[in-house]
Amino acid sequence: MKILSIQSAVAYGHVGNSAAVFPLQRIGVEVLPVYTVNFSNHTGYGAWRGPLISPDDVRDVITGIEDRGVFPQIDVVLSGYQGGTGIGDVIVDAVKRVKAANPSAIYACDPVMGNAKSGCFVAPEIPDLLRDRVVPVADIITPNQFELGYLTGTEPASLESTLESVDLARAMGPSTVLVTSVERPDRESETIEMLAVDDEGAWIVQTPLIPIKANGSGDVTAALFTAHYRATGSAQQALERTASSVYDLIDATYRSGERELQLVETQEAYAHPRLQFSARQVR
């Protein structure tokens with residue numbers, strides 16, 4: 001499998017491509033990383049250094065890959081945080097060009113906007129860009145519950161309302177939706193869930209809630225789910241494998257006392273997930 005991953009990169013820590021690439025490689029995926037920023041560290045620290053890469057330069061790198069005749073071999077285009085509208089245009093254009101070369105290729109979009117606790121933390125124009133121009137051309141989207149609500153103009157909370165919101169999102173274009181960080185009011189205490197929905201049905205998986213803000217864990221989740229789903233065609237299997245790997249990654253990070261994901265230290269959790277959580281079909 002080959003994945004063209006268009007995301008940010010940091011030298012210190014693990015977010016964007018600096019979070020997604022290694023776990024994908026560890027499960028046997030060939031990754032072509034294209035960087036949209038090259039920062040010293042993620043912006044959650046409040047201070048960072050390094051360049052925001054211009055949309056023209058990002059497009060130029062992608063065109064250089066195309067010049068090598070690689071596009072017919074690309075199975076997936078993956079994108080995450082988008083720093084500006086120009087990058088969105090470049091990604092959408094790359095998806096069209098890859099699909100023209102390989103009609104079986106898919107586009108997986110992590111529509112990063114924010115979360116329920118922090119609200120929106122992207123530029124004001126980004127949510128509308130994602131909703132109106134990017135999500136409609138995606139095959140897979142991986143929003144959290146807050147982002148799902150924004151995309152669909154709803155307030156998903158219960159399992160039923162979250163499924164209704166997913167149906168609205170799927171009507172926009174994507175056939176597969178992974179909702180990360182589902183926090184329905186009637187779930188067991190100290191737990192968190194993920195919900196995956198495609199044409200075959202809907203599955204939910206529950207894991208213990210680990211009390212840590214793990215920057216980059218969403219990037220790992222989107223990457224692993226996309227790769228597993230592409231490989232197996234099963235939302236249930238992809239959900240179980242992803243939940244197992246990401247739980248062990250976050251748990252190891254929490255136990256380490258470090259702020260950054262223990263991405264390398266947990267590599268066996270990607271290559272050989274324990275499959276300690278079972279997904280339950282809910283539709």
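Heads up: numbering here begins at 1 and tracks the sequence. Just so we're clear, the structure is a prediction, and the values are computed from it rather than from any experiment. All values below come from the heavy atoms of this structure, side chains included, with hydrogens, waters and symmetry mates left out.
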Hydrogens and angles aside, do Asp60 and Thr63 bring a side-chain donor and acceptor to less than 3.5 Å of each other?
no
ILVMFWY cluster, Met113 and Met172 together (side-chain gap under 4.5 Å)
yes
Going only through I, L, V, M, F, W and Y residues with side-chain contacts under 4.5 Å, is there a path from Val58 to Val70?
yes
Is Val34 close to Ile65 at the side-chain level, that is, under 4.5 Å between some pair of heavy atoms?
yes
Does any donor atom in the side chain of Gln236 or Ser234 lie under 3.5 Å from an acceptor atom in the other side chain?
no
Anything under 3.5 Å between a donor and an acceptor, one on a side chain of residues 222-229, the other on a protein residue two or more places apart or in another chain? List them.
| from | atom 1 | to | atom 2 | distance (Å) |
| --- | --- | --- | --- | --- |
| Thr226 | OG1 | Ala222 | O | 2.8 |
| Tyr229 | OH | Thr176 | OG1 | 3.1 |
| Tyr229 | OH | Asp198 | OD2 | 2.8 |

Spacing of Gln267 atom CD and Ser245 atom OG [to the nearest 0.5 Å]:
12.0 Å
Between Tyr45 and Tyr12, is the side chain to side chain contact (heavy atoms under 4.5 Å, CB included) condition met? List the steps.
CA-CA 11 Å; Tyr45 285 94; Tyr12 172 70; 3.5 Å; yes
Is the shortest side-chain heavy-atom distance between Leu178 and Ile140 below 4.5 Å?
no
Can you give me the closest heavy-atom contact between Ala157 and Ser161, atom names plus distance?
N-OG, 2.8 Å
Check: Glu193 side chain, Thr191 main-chain N or O, donor-acceptor pair, under 3.5 Å:
no
So, taking the atom named NE2 in His14 and the one named CD in Gln262, what distance separates them when rounded to the nearest 0.5 Å?
7.5 Å
Decide yes or no for Met194 and Leu239: does some side-chain heavy atom of the first lie under 4.5 Å from some side-chain heavy atom of the second?
yes
With a 4.5 Å heavy-atom cut-off, do Gln276 and Tyr247 have their side chains touching?
yes
Evaluation steps, side chain to side chain donor-acceptor pair (under 3.5 Å), between Ser175 and Asp139:
CA-CA 5 Å; Ser175 58; Asp139 300 286; 5.2 Å; no
Which distance, rounded to the nearest 0.5 Å, do you find between the CG of Asn144 and the OG1 of Thr180?
5.0 Å
For the side chain of Tyr81 and the backbone of Val15, is there at least one donor-acceptor N/O pair under 3.5 Å apart?
no
Assess whether atom OH of Tyr254 is packed by more than 12 heavy atoms of other residues, nucleotides or ligands within 6.0 Å.
no
Heavy-atom side-chain contact between Pro273 and Arg241 under 4.5 Å
yes
If we ignore hydrogens and angles and just use 3.5 Å, is the side chain of Ser244 paired with the main-chain N or O of Arg274 as donor and acceptor?
yes
Could you tell me which residues satisfy salt bridge (charged side-chain N to carboxylate O under 4.0 Å, His left out) with Asp93, sequence neighbours excluded, listed by chain and number?
Arg59, Arg97
I would like to know whether Gln7 and Tyr35 meet side chain to side chain contact (heavy atoms under 4.5 Å, CB included); could you show each step before the answer?
CA-CA 5 Å; Gln7 301 197 57; Tyr35 302 142; over 6 Å; no
In Val10, Asp219, Leu261, the residue satisfying side-chain contact (heavy atoms from CB on, under 4.5 Å) with Ser18 is Val10
Whether Glu147 side chain and Gly114 backbone form a donor-acceptor pair below 3.5 Å
yes
Hydrophobic clusters here meaning ILVMFWY residues chained together by side-chain heavy-atom distances under 4.5 Å, can you tell me if Ile53 and Ile6 are in one?
yes
Closest approach of Ala100 and Pro103, non-hydrogen atoms and distance?
O-CD, 4.5 Å
Side-chain heavy-atom pair Thr266, Leu249 within 4.5 angstrom cut-off
yes
Charged N-O contact under 4.0 Å between Asp167 and Arg283:
yes
Taking the basic N atoms (NZ, or NE/NH1/NH2) and the acidic carboxylate oxygens, is any pair closer than 4.0 Å for Asp248 and Arg255?
no
Show your working on side chain to side chain contact (heavy atoms under 4.5 Å, CB included) between Leu151 and Ile141 and close with a plain yes or no.
CA-CA 11 Å; Leu151 290 172; Ile141 59 171; 4.3 Å; yes
Hey, is the main chain of Gln237 close enough, under 3.5 Å, to the side chain of Thr232 for a donor-acceptor pair?
no
Glu183 and Ile192, any side-chain heavy atoms less than 4.5 Å apart:
yes
Please list, one pair per line, the donor and acceptor atoms closer than 3.5 Å that link side chains of residues 72-79 to other protein atoms, with sequence neighbours excluded.
| from | atom 1 | to | atom 2 | distance (Å) |
| --- | --- | --- | --- | --- |
| Gln73 | OE1 | Lys2 | NZ | 3.3 |
| Asp75 | OD2 | Lys2 | N | 2.8 |
| Ser79 | OG | Tyr107 | OH | 2.7 |

Do other residues, nucleotides or ligands put more than 12 heavy atoms under 6.0 Å from the CD atom of Glu125?
yes
Considering all heavy atoms, the nearest Val98-Ala105 contact
CG1-CB, 3.8 Å
Exactly one of Val134, Asp132, Asp128 clears side-chain contact (heavy atoms from CB on, under 4.5 Å) with Leu130, and that residue is Val134
Could you measure the distance from the OG atom of Ser5 to the CG atom of Asn17? Nearest 0.5 Å is fine.
3.5 Å
Could you check whether the rings of Tyr270 and Phe22 sit parallel, tilted or perpendicular, using 30° and 60° as the cut-offs?
perpendicular
State yes or no: do Leu24 and Val220 share one hydrophobic cluster built from I, L, V, M, F, W and Y residues joined by side-chain heavy-atom distances below 4.5 Å, directly or via other members?
yes
Taken to the nearest 0.5 Å, the spacing of Leu263 CG from Arg26 CZ works out to 11.5 Å
Do Thr142 and Thr221 make a side-chain contact, defined as non-hydrogen atoms from C-beta onward lying under 4.5 Å apart?
no
Give the minimum heavy-atom separation between Ala169 and Thr152, together with the two atoms involved.
N-CG2, 3.6 Å
Run the side chain to side chain contact (heavy atoms under 4.5 Å, CB included) test on Glu66 and Ile62 for me, step by step, so that the C-alpha distance in whole Å, both residues' side-chain angles and the decisive distance to 0.1 Å come before the verdict.
CA-CA 6 Å; Glu66 185 178 28; Ile62 294 170; 5.7 Å; no
Using the rule that Ile, Leu, Val, Met, Phe, Trp and Tyr join whenever any side-chain heavy atoms are under 4.5 Å apart, tell me whether Val179 and Tyr150 fall into a single cluster.
yes
Side chains of Ser104 and Asn102, donor plus acceptor under 3.5 Å
yes
Does His42 have its ring centroid less than 6.0 Å away from the ring centroid of Phe39?
no
Minimal non-hydrogen separation, Pro55 against Val90, with atom names:
O-CG2, 3.5 Å
The reported gap from CZ in Phe277 to CG in Leu275 (rounded to nearest 0.5 angstrom) is 10.5 Å
Short side-chain to backbone donor-acceptor contact, Asn41 and Ala47, under 3.5 Å:
yes
Do Thr36 and Gln82 pair up side chain to side chain, a donor and an acceptor below 3.5 Å, judged on atom types alone?
no
